[in-house]
Structure formats: C-alpha cells, structure tokens
There are 2 protein chains.
Amino acid sequence: MTLKELSDLLGLSPTTVSRALNGYPEVSEATRKKVAAAARAHGYAPNTRARALATGRAMAIGHVIPISAKHEMVNPIFADFTAGAGEVYSRNGYDMLMSVVSDDDEEQAYRSFATKRNVDGLIIHAPSLNDGRIPFLNDLGLPYVVHGRSSNATAPYAWVDVNNTRAFQRATELLLDLGHRRIALLNGLEHMDFAARRRAGYEAALVSRGITPDSSLMFSGEMTEAQGHDLTRSLLARPDRPTAILVSSIIMAIGVRRGIEELGLTLGRDVSLITYDDDLSYFRNGSDIPVYTATRSSVREAGRRAAQMLIDIINGKDSPTELLLEAELTLGMSTGPARRD
Amino acid sequence: MTLKELSDLLGLSPTTVSRALNGYPEVSEATRKKVAAAARAHGYAPNTRARALATGRAMAIGHVIPISAKHEMVNPIFADFTAGAGEVYSRNGYDMLMSVVSDDDEEQAYRSFATKRNVDGLIIHAPSLNDGRIPFLNDLGLPYVVHGRSSNATAPYAWVDVNNTRAFQRATELLLDLGHRRIALLNGLEHMDFAARRRAGYEAALVSRGITPDSSLMFSGEMTEAQGHDLTRSLLARPDRPTAILVSSIIMAIGVRRGIEELGLTLGRDVSLITYDDDLSYFRNGSDIPVYTATRSSVREAGRRAAQMLIDIINGKDSPTELLLEAELTLGMSTGPARRD
DNA sequence: TGGGGTATTCAAAGCGCTTTGGATAATTTG
DNA sequence: CAAATTATCCAAAGCGCTTTGAATACCCCA
C-alpha cells in the first residue's frame with residue numbers, strides 16, 4: 001500500500017493525505033479522521049526509504065561495534081547500553097543501525113555511514129585516551145555522542161560518562177578505611193580512557209593517605225573472567241600478597257572470586273574485593289544483599305541518556321551536551337576489615 | 001557528493017557513472033577506471049536511501065530484540081549472536097537494523113518492519129514452543145530465519161538451531177556414567193522451545209537407565225546468576241539433595257558455583273555440574289582446561305550461519321533452509337564421580 | 001452584493017539513485 | 001563501400017514520499 005493508492009482510495013490528493021498523517025494544520029479535522037481511519041484499516045505506513053529521501057533525514061542512528069581483532073571479544077556491556085538506547089530510539093521513531101566491524105577498519109565504517117547518508121547521527125563507544133575518532137568525526141559533520149570521554153581531546157564533543165575517577169577513589173578510600181594497605185588494581189586496557197581515569201582515582205586515594213602506589217599491584221588487560229582468575233591466583237601466590245583487590249568489571253570479579261575460593265580462602269574475610277558494576281541485566285549483583293561491594297552505575301541508563309542527547313542534538317535543541325553520571329558505592333559481602341597476619 | 005555532481009565532474013551522464021560503478025558490462029574499461037578513480041578521490045558512495053528506493057531493496061536485515069517486560073532482561077547471548085551475524089552482513093553489504101521492543105509489542109515491530117519496507121528480511125530470536133510469530137510472518141511475506149525452532153509449527157520455516165535434546169541427553173548420560181542418580185535440572189523458561197527440548201533430552205537419558213524423572217528436581221526460570229545461586233542453595237539444603245546439577249546457561253552456572261562454595265563444598269568433588277555453554281566471547285569457559293564440563297556450541301557461529309542463510313533466501317538461492325548444529329561435550333573440572341554418603 | 005480573508009485542497013517539482021529504451025559512434029561484414 | 005552489428009553512452013521515467021506554490025471554496029463584513 002502506497003500513499004498514492006491510499007489517496008486514490010480516499011479520493012484525495014497524496015498531498016492532503018501526507019499532511020493529514022503528519023499532523024499538519026492545513027487539513028480539516030474531518031478529513032484527518034477519515035485519512036487516519038483508512039490508513040489504519042489498510043495497514044498503511046509510509047515507506048521509510050522514500051520518506052528519508054524526501055526529507056533528507058534517515059531517522060536512524062548508527063552504532064559501530066568494534067570487535068577486538070585479537071581476542072574476538074564483544075564488549076559485554078554493549079547489549080545493555082544498546083537496550084537503553086533502543087528504548088529511546090523507538091519512542092522517538094528512530095531506527096538503530098549496527099555495524100559490526102573489526103577494530104582495524106572502524107574509521108572506514110564511520111566514513112561509510114557518512115557518505116552513504118543512512119544515519120542521522122552516531123554513538124561512539126569505548127573512547128581511548130587520545131581518540132583519533134573525535135577530530136575525524138568533527139570533520140565528517142555527522143552529529144555524534146561519545147559514551148565515555150577522551151582525555152586530551154582538543155576539540156569539544158558531546159559525551160555521556162560516569163565519574164570513573166571519583167568512583168575508584170571512593171572505593172579505594174573505603175578499603176583504606178577498612179585497614180587495607182596493599183590493594184591490587186585489576187583494570188581494563190589502559191589506553192582506554194575509562195581505565196586511565198580509574199587508575200588515577202585509585203592512585204589519588206592512596207597518595208592522599210601517604211601510600212605510594214605500587215606498580216607491581218596494578219594490572220591492565222581484557223576484562224574477562226579468565227583474566228581475573230589468573231591474575232588473582234598469581235597475586236595471592238606472592239608472599240606480600242594484597243589483602244584487597246579492586247576490579248574494573250563484574251565479569252572479571254567473578255574470576256577473582258573463583259581464584260580466591262580455589263585457594264580455600266573466603267571472599268570478604270580473607271580477601272576483600274570491590275568491583276565496578278555496570279548493572280548488567282543478566283548479571284545483577286545480588287537481589288537483596290549485593291554479593292559484591294561495588295561502585296555501580298547503570299550502563300543501560302547511560303544508553304538512554306546518550307540516545308536522548310544525540311536526538312536533541314540532531315533536532316537542534318541546545319540542551320547540555322556533556323553529562324557526568326555519578327556511580328553509587330553499595331556495600332556488599334565482599335569487603336571486610338583487613339586481617340593482620 | 002551526489003551521482004549527478006560526480007557525473008558532471010567527469011563530463012559523463014549519471015547513467016554511465018552508475019553503470020560503471022555497479023559493474024555493468026555496457027561501459028568501456030577506460031571510462032570505468034576513470035569513474036572508479038574519481039569516485040575514490042572524491043569519497044563518493046551512493047546514497048543508500050535513494051538506491052534503496054530505486055532498486056526496491058533496502059540492503060538491511062532487521063533484528064527485533066525483545067526485552068522481558070517483567071525482568072528488564074536482555075538476553076546475554078544477543079551480543080555474540082549479533083556479532084556473528086554482523087560479520088556476514090558487512091561482507092555482503094547489508095546493514096543491520098535493531099529494534100528494541102518490550103515483548104508485548106513485538107508483533108507490532110515486525111509489522112512495522114514490513115510496512116515501512118526498510119529491511120529485506122528478519123532474524124527471529126528465542127522462539128517458543130508454539131510460536132505465533134511463525135504463521136504471522138508467513139503471512140507478512142518478509143523472508144526470515146529463526147534462531148532456534150518452534151515445535152508444533154505447522155508451516156515450514158527456515159531455521160538454525162542446536163541439537164538441544166541430544167546435548168542434554170549426552171550430558172545426563174555422562175553424569176549417570178559417573179554414578180550420579182539424583183540429577184537436578186536448572187532450565188530456562190519452559191515455554192521456550194530450547195528449554196523444552198533440553199528437558200526432553202534429560203528425561204530421555206534418565207528413563208533409558210530406568211530412572212524416573214523427579215519433577216522436584218527440575219526448575220525453569222530466567223537464566224540469571226542470582227537464580228542459579230538461589231536454586232542451588234535450596235536444592236542443597238534438602239536431605240535428599242542431588243549430587244549433580246545440569247544447567248542451561250553458563251551465567252546461571254556461575255551462580256550455582258557460588259551457592260556450592262558458600263556451603264564450603266567443592267565443585268566437581270562434592271557436587272558435579274554440567275552447563276550449556278554458548279561460548280560467549282566475554283566469558284570463555286577456561287583458557288586451557290575448561291572450568292566447567294559443558295555442552296558447547298558457539299552462538300556466534302550460529303549468528304553467522306543464520307545470517308548467511310537469510311541472505312541466500314533473499315537472493316533466491318535455493319540452499320538448505322534448515323541447519324542443525326551439534327554441541328560438543330567438553331570435559332572440565334566441574335564433574336567427578338558421585339560420592340556415596 | 002462584492003471584495004478581502006481564511007480554510008482546504010491539489011498539481012507538480014524534487015530528493016538521488018537505477019533502469020528502460022533509444023541514440024550515436026565505431027567496427028565488422030558481405 | 002553500404003549495410004548490419006556491436007560497443008558506448010545518454011535522456012528520461014520512475015521508485016514513494018514531502019513540500020512549495022497555487023487554486024478553489026467558503027466565510028465575513030462593509
């Protein structure tokens with residue numbers, strides 16, 4: 001069913017039908033009702049492609065999902081971020097276009113979005129410290145919002161981020177308050193902006209208590225369960241082993257727990273653990289009492305906010321283009337006072 | 001840069017430029033080269049929307065991501081399935097359109113895809129036993145491939161599935177071989193087709209060894225970590241507690257492990273566990289020796305195969321439209337002989 | 001009763017591409 | 001060397017919609 005067919009059916013011009021459907025004022029209430037009824041009855045919906053061509057707006061947002069070529073790893077937070085963003089898109093009539101791309105040719109994917117003109121804006125994931133995509137995208141001229149920030153970026157850009165520094169500073173302070181002095185950090189890859197900020201928070205807390213950060217207690221890598229396990233095992237095998245561990249992802253924390261328990265130690269008593277928690281829907285941190293003490297911020301909510309911000313930008317609203325969310329520190333069962341051995 | 005601009009630049013007609021770019025034979029090699037070079041130099045790529053309108057093909061595939069309204073849960077396997085499918089789409093010039101939708105109005109989402117004509121085909125996720133979407137989609141007339149199957153479906157449909165029955169039958173047999181007699185099943189929601197098949201496999205194995213399935217050992221629900229934990233705790237509190245547990249998801253298995261270890265028991269020694277493993281990229285089951293004994297089948301590969309099948313269907317190739325993948329049973333450290341108490 | 005608004009409706013152009021049906025130039029053939 | 005192919009190229013139509021500019025019908029008030 002096309003506009004033409006529908007208008008013929010109604011004995012009206014396509015112009016009028018189009019206007020009636022799109023809520024323009026220059027059409028009488030009577031015909032608007034008739035048109036709406038007929039459209040519903042015949043299951044008419046405008047062809048997106050034709051409409052996009054005519055209006056110059058694709059009514060779609062692009063997401064580029066980079067796959068780590070080395071590890072074939074999909075970031076587990078994408079699903080939830082996407083779910084949050086998707087809710088907002090649906091509500092506003094936007095589609096979500098995903099492009100899965102090996103991280104080598106990510107830039108190519110953005111360029112292709114721009115030249116093929118099939119999206120009105122982009123969401124950028126996982127920015128690194130000095131992310132080349134930002135100047136690149138500023139040139140491209142497609143509106144975009146970054147999930148995260150890129151330190152050292154010279155040009156301004158729109159972003160939604162969590163206060164990673166603060167979250168890790170507070171977590172570290174909590175551990176210090178509990179008497180821990182040797183605190184390990186299992187972090188994400190440090191060229192990632194979020195990881196750098198988290199380390200900064202961790203170190204700041206230590207320094208402010210007069211403790212010199214010990215680089216042999218800091219690790220960065222892919223945030224997998226296996227990685228968490230292996231690092232924990234090697235940490236706990238050391239004579240000067242840490243009494244507490246700070247972890248950048250709940251998935252990694254699961255591996256840490258496994259490593260601890262394999263040694264017959266008890267989490268929260270023998271070793272304390274605080275993790276960053278993205279509040280993933282398939283891995284909620286305990287229903288009543290949180291399993292892990294955690295700094296938590298919903299990545300799904302971040303998705304919603306980023307999507308809304310992007311839509312506002314596309315529509316020329318001049319709402320704020322920077323949003324810093326605070327993570328909340330929730331006490332679970334994985335922390336306890338440092339034991340003196 | 002539009003086709004017109006590019007053709008003006010070259011002193012050629014849009015027709016010729018279009019043909020040159022699309023590999024039609026009626027254009028000389030010389031001009032084809034010139035056109036290709038100019039296109040590259042000016043970063044020209046055809047406007048997707050215009051092309052789609054002209055050809056009648058959207059060059060996009062739709063995925064509907066249903067969100068469980070009750071639990072706000074995103075299925076954790078989507079990310080990996082999507083990654084696999086996305087690879088194939090990119091290779092074939094297709095975009096992936098995602099629609100996040102509360103599971104109440106999923107049907108509406110499909111209808112909207114069809115009437116708005118912005119995709120050439122659909123991937124259907126998580127079919128239930130007697131899935132209403134199949135007759136519905138057969139009427140709609142959009143090609144689609146189901147990830148999974150729907151028992152009792154009367155009409156034929158294209159699908160890619162894992163042999164769930166066989167996988168759980170084999171897993172159960174392994175546990176029986178190890179001397180286990182009381183084996184619990186922590187399954188997904190049983191209106192889901194995969195869950196029903198898994199239970200069938202489990203029961204068949206028991207019956208063939210003369211054991212009557214005990215419904216008090218079978219559970220079905222959302223496959224979350226918390227659920228795995230809670231069910232395990234209550235199972236192990238019983239006097240006639242099971243010596244082995246069969247689990248439908250590795251995420252749930254993590255919760256089971258936590259429950260077991262909280263009681264001071266050891267996985268693989270005191271309680272055996274076999275889990276279904278989708279080989280999620282962020283949760284690989286051990287790098288060298290698998291942590292869990294598992295029936296494994298890569299959901300990412302399933303994504304690839306489903307995508308390829310759909311593209312073949314769209315292009316009118318008459319390749320097979322049913323694909324049953326076998327899961328492999330890998331021995332890890334979570335199984336051991338039944339202990340006699 | 002007639003001129004100036006106002007409320008409705010419509011015809012036609014245009015979005016950027018593909019594709020049909022020629023046209024023209026180059027080449028081959030009898 | 002004229003006629004028939006063949007190789008290249010192009011003008012124009014059309015995909016289904018929105019939107020500009022104009023037409024028509026209706027109403028009001030002097």
Side-chain angles (χ1 to χ4, degrees), chain A residues 1-36 38-39 42-60 93-95 112-120 315, chain B residues 1-36 38-39 42-60 93-95 112-120 315:
Chain A
M1 163 105 340
T2 71
L3 220 215
K4 181 100 191 17
E5 289 166 15
L6 185 65
S7 60
D8 284 354
L9 217 86
L10 284 159
L12 288 167
S13 75
T15 309
T16 304
V17 176
S18 168
R19 296 200 141 138
L21 256 23
N22 291 314
Y24 281 69
E26 53 269 83
V27 53
S28 75
E29 262 325 297
T31 56
R32 186 190 302 286
K33 284 231 175 68
K34 245 188 309 188
V35 169
H42 296 82
Y44 170 79
N47 178 316
T48 319
R49 310 188 298 243
R51 167 185 282 209
L53 187 56
T55 59
R57 309 191 52 180
M59 293 309 283
Y94 281 82
D95 289 325
S112 137
F113 270 139
T115 59
K116 286 160 57 190
R117 304 258 124 211
N118 52 357
V119 299
D120 298 319
N315 293 326
Chain B
M1 162 108 338
T2 69
L3 221 216
K4 179 99 193 14
E5 289 167 14
L6 184 64
S7 60
D8 285 353
L9 219 86
L10 284 159
L12 289 167
S13 76
T15 310
T16 304
V17 175
S18 169
R19 297 200 139 139
L21 255 24
N22 290 315
Y24 282 70
E26 55 270 81
V27 52
S28 75
E29 262 326 297
T31 55
R32 188 190 302 286
K33 285 232 175 69
K34 245 188 308 187
V35 169
H42 297 81
Y44 169 79
N47 178 316
T48 319
R49 310 187 300 243
R51 165 185 283 212
L53 187 57
T55 59
R57 309 193 52 182
M59 292 310 283
Y94 281 82
D95 289 326
S112 137
F113 270 140
T115 59
K116 285 159 57 189
R117 306 256 124 212
N118 53 357
V119 299
D120 299 318
N315 293 326

Task: side chain to side chain contact (heavy atoms under 4.5 Å, CB included) partners of B:R51, counting only residues at least two apart - done: B:N22, B:P46, B:T55

Open item on the list: Would the distance check show the side chain of B:T48 and the main-chain N or O of A:K116 forming a donor-acceptor pair, the cut-off being under 3.5 Å?
Closed with: yes

Open item on the list: Please check this pair: side chain of A:S18 against backbone of A:P14, looking for a donor-acceptor N/O pair closer than 3.5 Å.
Closed with: no

TODO: With axes from five pairs an end, tell me the bend angle of the helix from C:dT1-D:dA30 to C:dG30-D:dC1, nearest 10°.
DONE: 60°

TODO: List the steps, then state whether side chain to side chain contact (heavy atoms under 4.5 Å, CB included) holds for B:R32 with B:V35.
DONE: CA-CA 5 Å; B:R32 188 190 302 286; B:V35 169; 5.8 Å; no

Filtered N/O pairs between nucleotides 19-21 of chain C and protein, under 3.5 Å:
unit_1 : atom_1 : unit_2 : atom_2 : d
C:dT19 : OP2    : B:Y24  : OH     : 2.6
C:dT19 : O4     : B:T15  : OG1    : 3.2

- [ ] Compare all side-chain heavy atoms of B:V17 with those of B:Y44 and state whether any distance is below 4.5 angstrom.
- [x] no

Open item on the list: When you compare the side chain of A:R19 with that of A:L12, does any pair of heavy atoms fall below 4.5 Å?
Closed with: no

- [ ] Give the C-alpha distance, both sets of side-chain angles, the deciding distance and a yes or no for side chain to side chain contact (heavy atoms under 4.5 Å, CB included) between B:Y94 and B:D120.
- [x] CA-CA 9 Å; B:Y94 281 82; B:D120 299 318; 3.7 Å; yes

Open item on the list: I want to confirm an ordering. Mapping A:K4 and B:E29 to their closest nucleotides on DNA chain D, which one lands closer to the 5' end?
Closed with: B:E29

TODO: Select from A:S28 and B:A50 the residue whose nearest nucleotide in DNA chain C is closer to the 5' end of that strand.
DONE: A:S28

Open item on the list: A:R117: which residues meet the salt bridge (charged side-chain N to carboxylate O under 4.0 Å, His left out) condition with it, sequence neighbours left out?
Closed with: none

Open item on the list: According to salt bridge (charged side-chain N to carboxylate O under 4.0 Å, His left out), who are the partners of B:K34, at least two apart in sequence or on a separate chain?
Closed with: none

Open item on the list: At a heavy-atom distance below 4.0 Å, which nucleotide of DNA chain D is the first touched by chain A, and which is the last?
Closed with: D:dG16 to D:dG21

TODO: Please report the shortest heavy-atom distance between A:A52 and A:A58, naming the atom on each side.
DONE: CB-CA, 4.0 Å

